[in-house]
Amino acid sequence: MSEILREAKQRLEFVKKGIDHNPSLEQALAYLRHRHGDLFPDQLRQSAAVPTPRTGAAHNPAV
């Protein structure tokens, strides 16, 4: 029984580590460009064109 629990705990830790992955905006955009670059608008196809948040602007998650 303890072997079953140990294996389940190892699987749980593996999944938790995968969930904890938090890529930066640049990493996420690089992945999306690689996989779906043909769907990106021209302004976002180049890595230098990463949009930056405006300072002082109200945060509106619905937009």
Side-chain angles (χ1 to χ4, degrees):
M1 183 68 158
S2 65
E3 184 177 334
I4 293 171
L5 293 175
R6 182 177 49 78
E7 289 175 3
K9 186 175 179 179
Q10 288 174 339
R11 287 192 300 273
L12 175 63
E13 289 302 316
F14 177 80
V15 170
K16 282 173 56 177
K17 286 179 183 178
I19 292 172
D20 284 341
H21 178 67
N22 188 13
S24 69
L25 176 60
E26 184 59 39
Q27 289 172 322
L29 286 173
Y31 170 78
L32 290 172
R33 280 187 196 100
H34 174 74
R35 298 288 293 179
H36 308 287
D38 56 326
L39 301 175
F40 267 56
D42 291 337
Q43 304 93 309
L44 295 177
R45 288 185 193 221
Q46 300 299 320
S47 61
V50 174
T52 56
R54 292 179 285 173
T55 57
H59 175 68
N60 187 352
V63 175

Quick check: are there more than 12 heavy atoms from other residues, nucleotides or ligands sitting under 6.0 Å from [atom1] of [X]?
{"X": "Arg35", "atom1": "CZ", "value": "no"}
{"X": "Glu7", "atom1": "CD", "value": "yes"}
{"X": "His36", "atom1": "NE2", "value": "yes"}

- prompt: Of all heavy-atom pairs between Ala28 and Pro23, which one has the smallest distance, and what is that distance?
  reply: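 For Ala28 and Pro23, the tightest heavy-atom pair comes out as N-CB, 4.5 Å.
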message: Restricting to salt bridge (charged side-chain N to carboxylate O under 4.0 Å, His left out), what partner residues turn up for Glu13, sequence neighbours left out?
response: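 For Glu13 the salt bridge (charged side-chain N to carboxylate O under 4.0 Å, His left out) partners, ignoring immediate neighbours, are Lys16.
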